[in-house]
Amino acid sequence: NYYSNKISKKIGEKDMERRVVITGLGAITPIGKDVNESWNSILNKKCGIDNISLFDNSTFKTKVDAEVKNYESQEYFDLKQSKRLDRSSQFAIIASREAFKDSGITKENTDFERVGVFVSSGIAGLSTIQEQCTINCTKGHNRISPMFIPMSIANMPAGNVAIELGAKGESISILSACASSTHAIGEAYKTIKYGSEDVIIAGGSEASICEIGIAGFENMKALSSATDITRASIPFDKERSGFVMGEGAGVLVLEELEHAQKRGAKIYAEIIGYGATSDAYHITSPAPDGEGAARAMTRAIEDAKIKPEDINYINAHGTSTHLNDSCETMAIKKALGEYSSKVMISSTKGNTGHLLGAAGGVEAIFCTKAIEQGKVPPTINYKEKDEECDLDIVPNEVRNEKINIAMSNSLGFGGHNASIILKKYEPNCIFCGNSKNLIAFKDKLVCPKCAEKIGAIQSTMNEEADE
């Protein structure tokens with residue numbers, strides 16, 4: 001590494017930033033109990049929205065949600081564990097188990113002191129909070145469970161995943177409402193890129209479908225009151241009237257490229273850019289012209305060192321609220337300029353509902369699968385065109401298109417904006433980034449032009465050594 005860096009400096013390049021790749025995927029969603037089932041449901045245009053079954057909603061205006069179907073905790077945990085883990089932590093562990101197994105990481109091929117966990121949640125233990133507050137009001141404070149706090153606090157999905165997997169690196173939970181898991185993935189990317197960790201389990205989990213969760217969003221007029229499940233979550237449709245609350249988890253294993261290569265890992269895609277900003281405008285409404293979201297996308301594009309026209313597909317935040325979808329459309333236009341009318345854009349929340357803090361994790365997985373398989377997820381249940389949302393939203397039908405670069409957007413209450421950019425993985429020259437006609441140099445790859453420079457530099461270094 002010292003020798004390579006010395007040559008790198010002489011060539012005129014800075015010490016190379018480490019590349020970050022995706023080597024494992026895990027999910028549990030309203031449309032599938034793992035990644036393959038969830039992705040196949042996207043391709044089959046399955047809608048995971050149905051009538052609320054987790055509580056009696058007869059007095060609520062909101063009649064539908066997007067629950068994980070037929071979930072039984074004891075299929076995944078013993079009785080003691082299932083009673084001590086909030087549903088959000090259960091989902092986080094289930095998705096992380098799948099992602100970690102998929103990655104092939106073991107204690108034989110990885111230093112677990114350099115494995116981090118960045119798993120976020122928007123609200124985390126809301127159902128536990130409701131349950132224990134009810135006990136306090138009906139039975140008194142002496143009956144509050146001693147597990148109340150460790151079950152409900154928002155860092156516990158990350159903490160429980162670290163305990164489950166034995167990951168002893170940095171473990172954090174970034175809380176930024178519906179942008180939480182995209183922030184988690186972006187910050188994990190930066191942490192690996194600059195050398196602090198070799199592997200990070202990153203994403204988000206959410207399980208906030210309960211009386212106070214639905215009531216809180218319903219009373220602020222954020223939820224759809226539609227009873228037709230095919231017209232409840234309808235991103236970019238003129239008749240959209242609010243989002244549908246969903247639940248689940250999406251987790252990715254991010255890994256430093258050379259670490260992945262040394263252990264022969266399957267590489268799904270590469271993360272090449274991340275941008276995050278604040279609207280600094282309002283606690284719930286996005287900036288009217290989408291400028292904050294546009295800046296997040298622009299930062300991600302600059303970080304990725306690409307041009308707007310290099311992006312093939314955007315998985316939009318697309319919540320099915322009037323303000324979000326119109327403002328995000330304006331933001332995409334600001335960030336991509338004239339090219340915004342040509343890029344393919346879709347929201348998969350017509351399938352999954354809005355998983356709040358877990359949305360970005362699940363949608364990053366869908367971007368990864370789109371890159372891997374060359375299939376663009378559609379915006380399902382779309383009928384009525386909105387003049388304010390006039391971009392190519394891939395309505396109703398999957399498109400077979402080569403996806404080289406994809407962007408995923410997440411926007412949260414409080415004005416939190418995050419965008420990540422994923423790219424189809426290909427080996428590059430470690431010095432200049434060229435991907436053509438690569439030559440082996442020690443245990444790295446270089447292009448012919450840099451190899452020529454290396455030869456000249458080696459000769460000079462040898463002459464200096466002789467002197």
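Quick caveat: nothing in here was measured; it's all calculated off a predicted structure.
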Open item on the list: Can you confirm whether F55 sits close enough to I209 that some side-chain heavy atom of one is under 4.5 Å from a side-chain heavy atom of the other?
Closed with: yes
TODO: Mind checking the CG-OG spacing from N351 to S41? Nearest 0.5 Å is all I need.
DONE: 8.0 Å
TODO: Starting from the C-alpha separation in whole Å, work towards a yes-or-no answer on side chain to side chain contact (heavy atoms under 4.5 Å, CB included) for E256 and V199.
DONE: CA-CA 7 Å; E256 193 272 324; V199 176; over 6 Å; no
Open item on the list: Is it the case that the side chain of N312 and the backbone of I405 share a donor-acceptor pair, with hydrogens and angles ignored and the cut-off at 3.5 Å?
Closed with: yes
TODO: Output, in order, the C-alpha distance, side-chain angles, deciding distance and verdict of side-chain hydrogen bond (donor to acceptor under 3.5 Å, both in side chains) for E187 and Y274.
DONE: CA-CA 8 Å; E187 294 300 325; Y274 166 54; 2.9 Å; yes
TODO: Step through the shown structure and confirm whether more than 12 heavy atoms of other residues, nucleotides or ligands are within 6.0 Å of NZ on K83.
DONE: no
- [ ] Identify the heavy atoms of Y76 and K33 that sit nearest to each other, and give their distance.
- [x] OH-CD, 3.6 Å
- [ ] Check whether any side-chain heavy atom of E67 lies under 4.5 Å from a side-chain heavy atom of D50, and answer yes or no.
- [x] no
Open item on the list: Using only atom types and a distance under 3.5 Å, with no angle test, would you say the side chain of T110 pairs donor to acceptor with the backbone of K107?
Closed with: no
Open item on the list: Could you check whether any side-chain heavy atom of M297 comes within less than 4.5 Å of a side-chain heavy atom of I332, counting everything from C-beta outward?
Closed with: yes
Task: No-hydrogen, no-angle side-chain donor-acceptor test under 3.5 Å, N155 and S173 - done: no
TODO: Using modelled atom types only, decide if a donor and an acceptor are shared between the side chain of S103 and the backbone of F100 within a distance under 3.5 Å.
DONE: yes
Task: Minimal non-hydrogen separation, S120 against S181, with atom names - done: CB-N, 4.2 Å
TODO: Would you confirm whether D289, through its side chain, and E291, through its main-chain N or O, come within 3.5 Å as a donor-acceptor pair?
DONE: yes
Task: Within-4.5 Å side-chain heavy-atom neighbours: H354 and E247 - done: no
Task: Evaluation steps, side-chain hydrogen bond (donor to acceptor under 3.5 Å, both in side chains), between H183 and S176 - done: CA-CA 8 Å; H183 274 125; S176 53; 2.6 Å; yes
Open item on the list: Does K168 qualify as a cation-pi partner of F112, given the criterion of NZ or CZ under 6.0 Å from the six-membered ring centre and within 45 degrees of its axis?
Closed with: no
Open item on the list: Looking at every heavy atom in both S208 and I123, which two are closest together, and how far apart are they?
Closed with: OG-CB, 3.5 Å
Task: Pair K349-E363, salt bridge (charged side-chain N to carboxylate O under 4.0 Å, His left out): steps then yes or no - done: CA-CA 9 Å; K349 290 183 175 69; E363 289 155 13; 2.8 Å; yes
Task: Any donor-acceptor N/O pair, K63 side chain to N57 backbone, under 3.5 Å - done: yes
- [ ] Evaluate side chain to side chain contact (heavy atoms under 4.5 Å, CB included) for Y382 paired with I234, printing each intermediate quantity in order.
- [x] CA-CA 6 Å; Y382 180 80; I234 48 173; over 6 Å; no
- [ ] Identify the heavy atoms of P378 and N396 that sit nearest to each other, and give their distance.
- [x] CB-C, 3.7 Å
Task: Salt bridge flag under 4.0 Å for residues D390 and K333 - done: yes
TODO: Flag the pair I200 / V117 as yes when at least one side-chain heavy-atom distance between them is below 4.5 Å, and no otherwise.
DONE: no
TODO: List the steps and the verdict of side chain to side chain contact (heavy atoms under 4.5 Å, CB included) for I301 and K307.
DONE: CA-CA 7 Å; I301 290 167; K307 297 175 288 187; 6.0 Å; no
Open item on the list: Using modelled atom types and a 3.5 Å cut-off, is there a donor and acceptor pairing between side-chain atoms of K69 and backbone atoms of G48?
Closed with: yes
Task: Short N-O contact, D392 and R399, less than 4.0 angstrom - done: yes
TODO: Any chance you could lay out the side-chain hydrogen bond (donor to acceptor under 3.5 Å, both in side chains) test for T277 and N417, step after step, and finish with the verdict?
DONE: CA-CA 5 Å; T277 62; N417 309 300; 3.2 Å; yes
Task: Between T128 and D86, a side-chain donor and acceptor under 3.5 Å - done: yes
- [ ] Answer yes or no: is there an ion pair linking R231 with D237, defined by an N-O contact shorter than 4.0 Å?
- [x] yes
- [ ] Using the test side chain to side chain contact (heavy atoms under 4.5 Å, CB included), find all partners of C389 that sit at least two apart in sequence or belong to another chain.
- [x] F236, R240, D325, T329, D386
Open item on the list: When you measure from the side chain of S347 to the backbone of T379, do you find a donor-acceptor pair of N or O atoms at a distance under 3.5 Å?
Closed with: no
Open item on the list: Quick check: closest heavy atoms across N381 and I229, and the distance to 0.1 Å?
Closed with: ND2-O, 4.3 Å
Open item on the list: Between M156 and S205, is the side chain to side chain contact (heavy atoms under 4.5 Å, CB included) condition met? List the steps.
Closed with: CA-CA 10 Å; M156 276 304 172; S205 179; over 6 Å; no
- [ ] Check the side chains of Q132 and S152 for a donor-acceptor pair under 3.5 angstrom, ignoring hydrogens and angles.
- [x] no
Open item on the list: Can you confirm whether F217 sits close enough to L356 that some side-chain heavy atom of one is under 4.5 Å from a side-chain heavy atom of the other?
Closed with: yes
TODO: Could you verify whether a donor N or O on one side chain and an acceptor N or O on the other, from Q90 and Y71, lie under 3.5 Å apart?
DONE: yes
- [ ] Would you mind checking if K45 and E397 are paired as a salt bridge, meaning a charged N to carboxylate O distance below 4.0 Å?
- [x] yes
TODO: Apply salt bridge (charged side-chain N to carboxylate O under 4.0 Å, His left out) to the pair D303 and K193, showing each step before the final yes or no.
DONE: CA-CA 12 Å; D303 185 45; K193 182 178 180 179; 3.2 Å; yes
TODO: Answer whether the closest heavy-atom distance between the side chains of V115 and D198 falls below 4.5 Å.
DONE: no
Counting only pairs under 3.5 Å, give me each side-chain donor-acceptor contact of residues 20-31, with atom names and distances, residues two or more places apart or in other chains.
{"residue": "T23", "atom": "OG1", "partner": "E255", "partner atom": "OE1", "Å": "2.9"}
{"residue": "T29", "atom": "OG1", "partner": "I31", "partner atom": "N", "Å": "3.1"}
{"residue": "T29", "atom": "OG1", "partner": "G32", "partner atom": "N", "Å": "3.1"}
{"residue": "T29", "atom": "OG1", "partner": "G32", "partner atom": "O", "Å": "3.4"}
{"residue": "T29", "atom": "OG1", "partner": "S38", "partner atom": "OG", "Å": "2.8"}

- [ ] First locate atom CD1 of I214, then atom CD1 of I52, and finally report the distance between them rounded to the nearest 0.5 Å.
- [x] 4.5 Å
Open item on the list: Is the shortest side-chain heavy-atom distance between Y268 and Y425 below 4.5 Å?
Closed with: no
Task: Cationic N near anionic O, under 4.0 Å, D102 to R97 - done: no
Open item on the list: Check this for me, if you would: do R19 and E270 make a salt bridge, where the nitrogen-to-carboxylate-oxygen distance has to be below 4.0 angstrom?
Closed with: yes
Task: Under 3.5 Å side-chain donor-acceptor pair for S121 and E206 - done: yes
- [ ] Run the numbers on T62 and E218 for side-chain hydrogen bond (donor to acceptor under 3.5 Å, both in side chains), then give the verdict.
- [x] CA-CA 7 Å; T62 305; E218 181 181 288; 2.8 Å; yes
Task: Between N404 and K423, a side-chain donor and acceptor under 3.5 Å - done: no
TODO: Give a yes or no answer on whether the side chain of N44 reaches the backbone of N40 with a donor-acceptor pair at less than 3.5 Å.
DONE: yes
Task: SB check E372 K266 (cutoff 4.0 Å) - done: yes
Open item on the list: I'd like to know if the side chain of S285 reaches the main chain of H282, judged simply by a donor and an acceptor atom lying under 3.5 Å from each other, with no hydrogens or angles considered.
Closed with: no
Task: Closest approach of G318 to P235 (non-hydrogen atoms, all atoms of both residues) - done: O-CG, 3.4 Å
Task: V343 backbone acceptor or donor facing Y313 side chain under 3.5 Å - done: no
